[in-house]
**Student:** 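Provided herewith is a single structure, encoded as structure tokens, for subsequent inquiry.
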Protein chains: 2
Amino acid sequence: MGESERGTHAQRIRERLRADILKGRLPMGARLKIVELARQYDSSQMPVREALLQLQGEGLVRISPHKGAEVRAVDERFVRNIYDIREILEVFFARRAASVATPRDVAELEAIEDTYERHLEPRGIAQRIRLNLRFHNSIYRLAGNEDALEIIDKHAVVTRLLTRKHNHSPERARQIAEQHRALIAAIAAHDVEAAGEIAGRHMRDASDALVERMRSEASGG
Amino acid sequence: MGESERGTHAQRIRERLRADILKGRLPMGARLKIVELARQYDSSQMPVREALLQLQGEGLVRISPHKGAEVRAVDERFVRNIYDIREILEVFFARRAASVATPRDVAELEAIEDTYERHLEPRGIAQRIRLNLRFHNSIYRLAGNEDALEIIDKHAVVTRLLTRKHNHSPERARQIAEQHRALIAAIAAHDVEAAGEIAGRHMRDASDALVERMRSEASGG
DNA sequence: TAGTGGTCTAGACCACGAC
DNA sequence: TCGTGGTCTAGACCACTAC
């Protein structure tokens, strides 16, 4: 049996619904009827409800009592909102990291980044995605606020699907590597302002790139 | 029948559970068994599950698949985490508001604040709570990021119960009024830096006051 | 005042942990 | 292997909407 059989029904339904929404197969405003979805996903009502509840937490669905759930617009405004939140959280994390990092923490970041840069060739994309995640997670851990981390994680699931592999093209990979190096330097120097500044720019770049791409896809094809 | 009969079962159970956790009647780490809670709250399993899922979103409960739910520690660390998040969100909102506010928006904030200050006497507490909420909501609306607003709202439910009426004592009310006036001035002047600075201080004050109070309650009685 | 569909109930099913 | 308790199923109940 394939990967798609792992976990609870609710998890599988959540993932399929999320993908369907982000790919535009379920258009904005579409009514999500529980019994219908249960039939469709070959399950029953409770797992569907649970999945919808969690997707509401990710901002992809809106539920009103006794009225039901509908798909939220995954448009430029939504993307901007989410990236604005991620930006201020990333800045917060970077600043914290810069103020508390030990030489040992810095060495760990450098080790991850060294490995990242050994995979800049096109075929290294899977490695790059994993290492980029590890790099940022290391910084988050330094800040020690697991509630903020949860918010980032929730949004990351959505943005990861939205950006697919775009953010990890070889050209962008080199740009990311540069920004990571600059961030490490700022953290090592305990330069709080610079660390926040770099992390913020890093996010604004990602946001602009995604919005740009959404626009060209909307008009071009 | 009283207020406690309104809404869905899930809503009522959520509210009772939240209150029980924040008041310490359900201690940190306590196992939350669905069937047991269903019996206790005179309902059945699905509403309880739904309530637990939503409380997980508020950070009060932790759920792991096939393992169950347990109460998260509502301690100093938790409070600091939540207030750190609120602080950066409030700063974001205030900066945005300062950069986009029209004279009409400023006039609305002033009108709300005028009314607030007409209720500084001890008995005006209910009004103050309501007007303080309206004041902040007006600023949030100016920033136009409903996803960020949702995060604030979620945390606000928790912090409102934690602070009870403490933050609205007459002395603190005057301090709040001062900070609000300063914030309005910064917004009117489109002084982004100052607005962010004031909003941030406003939150740090609230956070410090709450942590201080938790400590004295923990030792004193 | 139906009809639609969200919400809830009772109980079966089955993953996990203890022995 | 067994017990506990989380997860799921089938269908009843009832709030909302349109007529």
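Numbers restart at 1 for each chain; the letters A, B, ... are given by sequence-line order, proteins then strands. Every value quoted in this text rests on a predicted model; they were computed, and no experiment measured them.
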**Student:** Which part of the nucleic acid does Ala10(A) contact within heavy-atom distance under 4.0 Å: base, sugar-phosphate only, or nothing?
**Tutor:**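 Here Ala10(A) touches the backbone only, sparing every base.
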**Student:** Please state how far atom CG in Leu52(A) lies from atom C1' in dG6(C), giving the value in whole angstrom units.
**Tutor:**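 From Leu52(A) CG to dG6(C) C1': 11 Å.
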**Student:** For Gln54(A) and dT7(D), what is the distance between atoms CD and P respectively, to the nearest whole Å?
**Tutor:**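 Gln54(A) atom CD is separated from dT7(D) atom P by 10 Å.
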**Student:** Could you work out which one of dT17(D), dC8(D), dG6(C) sits closest to the side chain of Lys67(A)?
**Tutor:**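 Given the options dT17(D), dC8(D), dG6(C), the side chain of Lys67(A) is closest to dT17(D).
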**Student:** What I want to check is whether the side chains of Glu146(A) and Tyr140(A) have a donor and an acceptor closer together than 3.5 Å.
**Tutor:**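 Result is no, nothing qualifies.
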**Student:** Of all the choices, dC16(C), dC8(D), dC8(C), which nucleotide is nearest to the side chain of His66(B) once you look at every atom?
**Tutor:**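 Among dC16(C), dC8(D), dC8(C), the one nearest the side chain of His66(B) is dC16(C).
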**Student:** Could you state the atom-to-atom distance from CD1 of Ile13(A) to P of dT9(D) in whole Å?
**Tutor:**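 Value for this atom pair: 8 Å.
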**Student:** Distance check needed: dG5(D) P versus Gln40(B) CD, whole Å only.
**Tutor:**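 Result: 14 Å.
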**Student:** Report the distance from atom CD1 of Ile34(A) to atom P of dC8(C), rounded to the nearest whole Å.
**Tutor:**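 My rounded result for the distance is 11 Å.
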**Student:** Arg49(B) has an atom CZ; how far is it from atom P of dT9(C), in whole Å?
**Tutor:**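 Rounded to whole Å, this separation is 15 Å.
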**Student:** Of the nucleotides dC8(D), dT17(D), dT9(C), which has the atom closest to the Gln45(B) side chain?
**Tutor:**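 The listed nucleotide nearest to Gln45(B)'s side chain is dC8(D).
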**Student:** Using the side-chain heavy atoms of Met46(A), tell me which of these nucleotides is nearest: dC8(D), dT9(C), dG5(D).
**Tutor:**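 That would be dC8(D).
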**Student:** If you find the nucleotide of DNA chain D closest to Pro65(A) and the one closest to Ser44(A), which residue's nucleotide is nearer the 5' end?
**Tutor:**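 Comparing both residues, the 5'-ward one is Ser44(A).
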**Student:** Would you mind telling me which of dC8(C), dC8(D), dG5(D) lies closest to the side-chain atoms of Pro47(B)?
**Tutor:**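 Out of dC8(C), dC8(D), dG5(D), the nucleotide with an atom closest to Pro47(B)'s side chain is dC8(C).
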**Student:** With no hydrogens and no angle check, is any side-chain donor or acceptor of Asp105(A) less than 3.5 Å from a backbone partner on Thr102(A)?
**Tutor:**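 Pair found, side chain donor or acceptor close to backbone of Thr102(A).
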**Student:** Can you tell me how far C1' of dC16(C) sits from NZ of Lys33(B), to the nearest Å?
**Tutor:**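 Atom-to-atom, Lys33(B) to dC16(C), this comes out as 15 Å.
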**Student:** NE2 of His9(B) versus P of dC13(D): gap in Å, rounded?
**Tutor:**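 Rounded to whole Å, this separation is 14 Å.
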**Student:** Is there a donor-acceptor contact under 3.5 Å from the side chain of Thr8(A) to the main chain of Gln11(A)?
**Tutor:**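 Between the backbone of Gln11(A) and the side chain of Thr8(A) there is a qualifying donor-acceptor contact (under 3.5 Å).
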**Student:** Please tell me which of Glu36(B) and Asp42(A) maps to the more 5' nucleotide of DNA chain D, matching each residue to the nucleotide holding its nearest heavy atom.
**Tutor:**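 First, find each residue's nearest nucleotide; the 5'-ward one identifies Glu36(B).
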**Student:** Side chain of Thr8(B) only, please: which of dT7(D), dT9(D), dT7(C) is the nearest?
**Tutor:**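 That would be dT7(C).
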**Student:** Is it true that Gln127(B) and Tyr116(B) share a donor-acceptor pair across their side chains at a distance under 3.5 Å?
**Tutor:**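 Result is no, nothing qualifies.
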**Student:** Counting N and O atoms only, with roles assigned by atom type, does the side chain of Arg128(A) sit under 3.5 Å from a partner on the main chain of Glu121(A), one being a donor and the other an acceptor?
**Tutor:**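 Indeed, once roles are kept as given, a pair shorter than 3.5 Å links the two residues.
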**Student:** Any side-chain N or O of Arg31(A) less than 4.0 Å from the OP1 or OP2 oxygen of dG6(C)?
**Tutor:**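 Answer yes for this pair, as a side-chain N or O of Arg31(A) is under 4.0 Å from OP1 or OP2.
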